[in-house]
Amino acid sequence: GFAPSAGKFAGAECGQGFFHTLFYKTNNDVSQLALSEAGLNVPGALVAAQIDRCVWNYQTSFMCAEDFDCTQVRAHHKPALPGSNSKECLKSNMRWSPASLVARSSTYGFWFPIFQQEANVLRVVRQVRRFYPDSPILLLSDGGQANFTDVCKLPRYGCMFERGVPENSRWNPHSWFARMRRAAQKLGTDYLIYLEPDVMVTKRHEIDPPYDAGGVFDSFNPKMSPATVHYLEQLGNIRNPGFRIRWNHFGLTGGTYVRTAAILDAFDPANVQRLDFRWLLHIEGDKVWSSDLAMHLALSARGWVVYPWKDASQHYHTVPEDEVGRAEFALQHEAYKPLAAFHHDHKERYNEPVPPEEASLLHGFNDPTPPDVTCHGCVWYRGGKQLPIPSEAPKAVGLDDSDYASLNAVEIGSHLLEPPAAAGLNIDFSAKPSWLVKADGLVVDTRWNKERGGGILVAQTIMMNAGGEWGSTEEPVRAGWLRAVIATNAAHVKQHSQAMVIRWQPTEPQLTPWQLETCQKENKDMDRCRIDNERENFNWEKHLLLAEYLESPENFEYVIMLDADAAFVRPDHNTLGEMAYLLESTGKDVLVANEDWLLNGEERINGGLIFARNNEFTKKLFKNLFQCHFTGFDKDFNLGCTSNDQIALNDLNARPKYAAHFLVTSGKKFNRGGCTVHQCGEGISDQSMIDLGIRDPALEIMHFMGGSKFEAKKALCDKDRDLTEGGPEGYGCKD
């Protein structure tokens with residue numbers, strides 16, 4: 001067995017278990033055979049000893065001395081990324097050099113809108129030229145009298161210069177979009193990096209752009225309102241189905257990168273004119289005129305992903321001088337990235353004099369410069385033509401006056417046609433209740449009080465995967481076991497006046513920043529990276545699904561996330577009603593089930609069933625859990641989420657603060673593994689489960705996970721007890 005451990009331990013079925021058995025259980029027949037064949041069966045020939053894990057197999061600071069010296073580490077296993085402990089020992093090669101990262105196939109151009117501050121403009125250009133010797137740099141004068149044409153000819157600058165009509169573009173979105181788009185076309189690179197005079201460039205960036213745009217982690221600025229986020233996600237889903245805003249602050253300041261393809265699309269006048277700046281001004285205030293936010297709005301409205309870049313940092317004037325203090329400061333200020341390439345807000349050198357040679361080459365223009373524009377939100381375009389200055393924002397194209405306060409001005413695709421990725425899921429695409437999230441599909445809704453909302457919702461994720469076992473666009477007919485489970489659950493939900501939805505489209509972007517960084521380090525292309533992380537990302541999507549329906553205006557009283565290979569097997573029992581009663585009677589908020597159907601599973605939660613009461617605790621819990629996965633670590637939880645969601649749930653339940661809210665029920669009843677129909681690899685805790693099978697009166701939900709999936713159709717479509725209620729020719733049981 002697992003002795004001396006009281007139960008299964010991490011890696012028991014892998015290398016850890018193998019070596020423990022080989023070295024310590026030498027009386028085991030298998031161990032003796034292996035040792036004999038290796039000539040190590042003589043007493044004393046093999047002596048095992050435990051050595052210091054912190055030195056020889058470092059795996060985070062857990063169980064290491066508080067003052068442990070990281071220079072003593074000889075073999076480093078993990079972590080790969082910084083965590084909550086400022087003294088954590090990190091791998092010595094975790095900062096990657098530009099040459100080792102990728103083949104550098106992407107190209108970068110720099111756009112620098114300027115107005116005065118000539119000395120700082122030249123300083124920034126010199127720094128860029130040092131680290132990006134072959135990248136094009138375009139300076140655009142937005143007012144001012146300085147002509148940089150001759151200075152740009154000097155080799156240490158090597159830039160292009162254009163003079164623009166003063167429009168105060170920084171505070172006038174339409175002007176900014178038009179000029180940035182023209183700059184992207186002229187630069188002709190894969191990415192554009194936007195510069196400001198207060199930027200300090202300290203090296204070439206080492207972390208390639210993981211998304212479509214990214215700047216600093218400016219969590220110090222206010223968030224976009226939920227109404228704005230919802231509005232932008234609706235628009236963004238038209239081009240990029242499944243799109244979701246990942247960063248609802250600003251941060252697109254000096255040192256920001258933007259994918260050129262995103263600029264050309266999002267800032268195209270035809271798309272810009274669909275963005276309702278009148279409504280946005282009403283919701284967000286005049287900060288929508290700022291380019292920091294305006295770019296985010298336009299990019300998100302087209303489904304391009306904006307998320308902060310770890311090679312962009314905000315300069316702070318209050319950073320502690322000591323190493324420990326700086327580490328603590330970094331934990332408290334996300335925008336502080338001392339190892340970044342681009343550092344914003346270095347204004348300490350403003351008003352310095354221009355170097356003598358450059359000063360001799362800087363001269364004014366021969367013709368008079370038009371008067372500077374100082375107003376905000378006053379320069380607008382319609383149909384590609386500028387309106388008189390000043391003007392108010394033009395009405396968004398395609399919207400009536402009655403639409404300005406509406407958050408439903410845009411529909412996400414067609415609900416009447418079955419998308420290929422949703423084929424064969426028994427979704428009713430003719431039904432589109434307003435409370436559906438994203439492109440989720442309604443399977444059944446028999447709640448008696450639909451008009452008033454409330455009730456119980458069953459939410460499942462069924463997304464086509466690379467392996468194809470959950471479905472493929474090349475084969476619209478889903479596997480028999482999956483159809484049987486869907487039909488069984490739909491019949492149960494219908495019988496007990498509940499509702500059921502399926503999320504068939506994963507939320508984009510699927511890849512998290514830390515996953516992208518890891519893939520870049522390992523030189524994986526994006527397709528390989530997506531496939532390698534697909535299983536875990538699909539699992540974490542379940543927590544996002546829970547959070548979104550707990551926050552639904554439909555005000556569901558309870559939401560259950562149930563794995564799509566788990567089925568209700570007692571149609572005569574209101575299983576979910578019983579779960580609700582258990583939460584009410586115990587004063588708990590979240591019901592989960594353990595794995596007590598396995599020999600050593602009683603202390604382990606299975607992540608395939610989560611039944612949540614709708615309240616502020618659960619809304620915050622599942623929202624934060626998904627965000628923990630996306631960022632890799634959550635400070636409130638003090639929890640790392642770079643593994644699977646089940647581990648995170650078990651870690652939380654081990655903490656009294658969260659355990660007080662969890663009701664851990666018997667998996668034998670509410671989430672029994674399908675392997676119990678025959679035999680489980682770990683061993684079954686109660687052999688009677690094999691004899692009784694799916695007809696066990698104590699069983700409510702059977703979870704056909706792993707290889708037991710292929711038993712589902714046989715069990716659920718039994719001719720004497722058809723749980724799908726559709727008969728042998730119905731959706732669930734038809735061959």
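- Between His346 and His344, a ring centre-to-centre spacing not shorter than 6.0 Å is recorded.
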Check against side-chain hydrogen bond (donor to acceptor under 3.5 Å, both in side chains), Tyr381 and Gln273: CA-CA 8 Å; Tyr381 290 77; Gln273 65 184 355; over 6 Å; no
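- Under 4.0 Å is where a charged nitrogen must lie from a carboxylate oxygen, and between Asp276 and Lys395 no such pair does.
- Note on Glu508 versus Arg530: salt bridge recorded, some NZ/NE/NH1/NH2 to OD/OE distance being below 4.0 Å.
- Between Gln185 atom CD and Phe267 atom CZ the span is 12.5 Å, to the nearest 0.5 Å.
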Under 3.5 Å, which donor-acceptor pairs link side chains of residues 623-630 to any protein atom two or more places apart or in another chain?
{"residue": "His629", "atom": "NE2", "partner": "Asn537", "partner atom": "OD1", "Å": "3.1"}

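- Contacts of Lys223 classified as salt bridge (Lys or Arg N to Asp or Glu O under 4.0 Å), with partners at least two apart in sequence or in another chain: none.
- For the pair Arg170 and Asp292, the salt-bridge criterion is met [side-chain N within less than 4.0 Å of a carboxylate O].
- A salt bridge links Glu517 to Lys310: at least one charged side-chain nitrogen sits closer than 4.0 Å to a carboxylate oxygen.
- In this pair, Trp111 and Tyr194 present their aromatic rings tilted. The plane angle is within the 30 to 60° band.
- Aromatic ring centroids of Trp309 and His205 lie under 6.0 Å apart.
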Chi angles and distances behind the side-chain hydrogen bond (donor to acceptor under 3.5 Å, both in side chains) call for Gln510, Glu541: CA-CA 9 Å; Gln510 293 180 44; Glu541 179 87 25; over 6 Å; no
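- By the 4.0 Å N-to-carboxylate-O rule, Lys153 lies close enough to Asp150 to be salt-bridged with it.
- A ring-centre distance under 6.0 Å is not found for Tyr108 and Tyr257.
- Asn172 meets the side-chain hydrogen bond (donor to acceptor under 3.5 Å, both in side chains) test with no other residue; sequence neighbours excluded.
- Between His376 and Trp289, the ring center distance fails the sub-6.0 Å criterion.
- Side chain of Asp525 to backbone of Arg528: a donor-acceptor contact under 3.5 angstrom is found.
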